[in-house]
Number of protein chains: 2
Amino acid sequence: MTSPSRPAPPPDCPLEHYLHVVSGAWVPRILWFLRFGPRRFGDLRRDLRGISTKVLTSKLRTLEADGLVSRRELTTSPRHVEYALTERGLAFEPVFEAMIRFSHRLAELDGAVPAERR
Amino acid sequence: MTSPSRPAPPPDCPLEHYLHVVSGAWVPRILWFLRFGPRRFGDLRRDLRGISTKVLTSKLRTLEADGLVSRRELTTSPRHVEYALTERGLAFEPVFEAMIRFSHRLAELDGAVPAERR
DNA sequence: GGGGGTGGTAACCGTTTGGTACCTACTTGT
DNA sequence: ACAAGTAGGTACCAAACGGTTACCACCCCC
């Protein structure tokens, strides 16, 4: 035990800044599906196959609190609620692109097909 | 009718590909510190303030199994083990850059003009 | 042979995260 | 009237994740 367990909290680290917002298994996936445009609650639930309504609700609430996602109730026939990326949420776009480049690069290094076909 | 699109789960989805490798609270941080060059076990433990040796070991094992990190035992006086990014691990670099851009962009939106127009 | 530093391993436990099941409230269609 | 679809909320659990505490093996130095 050389150093005290928790002596210095991170000052202004971009990594911590990022990880504070994007944690857990579902948040990246939610943002992923929202980048294609506004999406309704039920749509997201079907997009993210396997997510429970409880978790989807809580994650959307968190993202709304963090200002990455906006919630809009539509005055439509059964009642629709539309979720969309805010301007802050759109800041996530470079990360999506990077994740795509990452997985393409890994596929490339695996020596498999050039990721364009399949 | 209810859902305009329920696109099938792409078996080679870049997002899932990415998330398979980078999950949990510590893995991104470990990769972050390794990108500056090879690092010894104890160095990483000090870099990642608060991580336990158990978790650090298990994460490094996983990263090694995924081929993102290499492990090398040095024949030095006390005994050193050096971890480094492999070529596959270097594919993560765009993600780092994107995370940095993300946090800068958020800071920009926080501190600057509230230009909420569209 | 004791102390200190390295790099772990194993057992146990607590917190966090997510899942299941059941519920409300409203609206539309039959 | 009643079923079905919309968007949730709540209570209760299960599993994953991570932390704590020990302890080991090795090496060097004194």
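Per chain, numbering begins at 1; letters A, B, ... match sequence-line order. This structure is a prediction, so every number in the text was calculated from the model and none was measured.
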Checklist entry - Any salt bridge (Lys or Arg N to Asp or Glu O under 4.0 Å) pairs touching residues 60-70 of chain A, not counting sequence neighbours? => result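 Matches after skipping sequence neighbours: none remain.
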Figure out the [atom1]/[atom2] separation between [X] and [N], and round it to whole Å.
| X | N | atom1 | atom2 | result |
| --- | --- | --- | --- | --- |
| B/L74 | C/dT6 | CG | P | 14 Å |
| A/R71 | D/dA7 | CZ | C1' | 8 Å |
| B/L60 | C/dG8 | CG | C1' | 11 Å |
| A/L19 | D/dG18 | CG | P | 12 Å |
| B/L48 | D/dG19 | CG | C1' | 15 Å |
| A/L56 | D/dG9 | CG | C1' | 13 Å |

Item to check | Stems involving DNA chain D, each a run of at least 3 consecutive Watson-Crick or G-U pairs under 3.5 Å | outcome: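 Detected stem regions: C:1-30 with D:1-30.
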Checklist entry - With sequence neighbours excluded, what pairs up with A/F41 under the ring-ring contact (aromatic ring centres under 6.0 Å, His included) test? => result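 Expected list: none.
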Next on the checklist: Once ring-ring contact (aromatic ring centres under 6.0 Å, His included) is applied, do any residues pair with A/Y83, and if so which ones, sequence neighbours excluded?
Outcome noted: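 Listed in chain order: nothing, the list is empty.
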Next on the checklist: Test of understanding: with salt bridge (charged side-chain N to carboxylate O under 4.0 Å, His left out), list the residues that count as partners of A/R35, not counting sequence neighbours.
Outcome noted: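 Listed in chain order: A/E93.
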Item to check | For A/E97, salt bridge (charged side-chain N to carboxylate O under 4.0 Å, His left out) partners two or more places apart | outcome: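 Scan of A/E97 (salt bridge (charged side-chain N to carboxylate O under 4.0 Å, His left out), adjacent residues dropped) gives none.
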Next on the checklist: Counting the atoms with a prime plus P, OP1 and OP2 as sugar-phosphate, which does A/R45 contact under 4.0 Å by heavy atoms, base, sugar-phosphate, or nothing?
Outcome noted: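 Answer is nothing: A/R45 stays at 4.0 Å or more from every strand.
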Under the rule for side chain to side chain contact (heavy atoms under 4.5 Å, CB included), what residues qualify as partners of [X], not counting sequence neighbours?
| X | result |
| --- | --- |
| A/P78 | A/H80 |
| B/A25 | B/R29 |
| A/A91 | B/F102, B/R105, B/L106 |
| B/T86 | B/S70, B/R88 |

Pairs under 3.5 Å (N/O, protein and nucleotides 23-30 of chain C):
from: C/dT27; atom 1: O3'; to: A/S77; atom 2: O; distance (Å): 3.1

Checklist entry - Is there a side-chain contact between A/D43 and A/F33 (heavy atoms, below 4.5 Å)? => result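 A side-chain contact under 4.5 Å is absent here.
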Item to check | Close side-chain approach of A/L31 and A/L63, heavy atoms under 4.5 Å | outcome: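 Yes, side chains in contact.
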Checklist outcome for this item: Whether each nucleotide of nucleotides 15-21 of chain C has a protein heavy atom under 4.0 Å at its base (B), only at its sugar-phosphate (S) or at neither (-) is summarised, 5' to 3', as ---BBB-
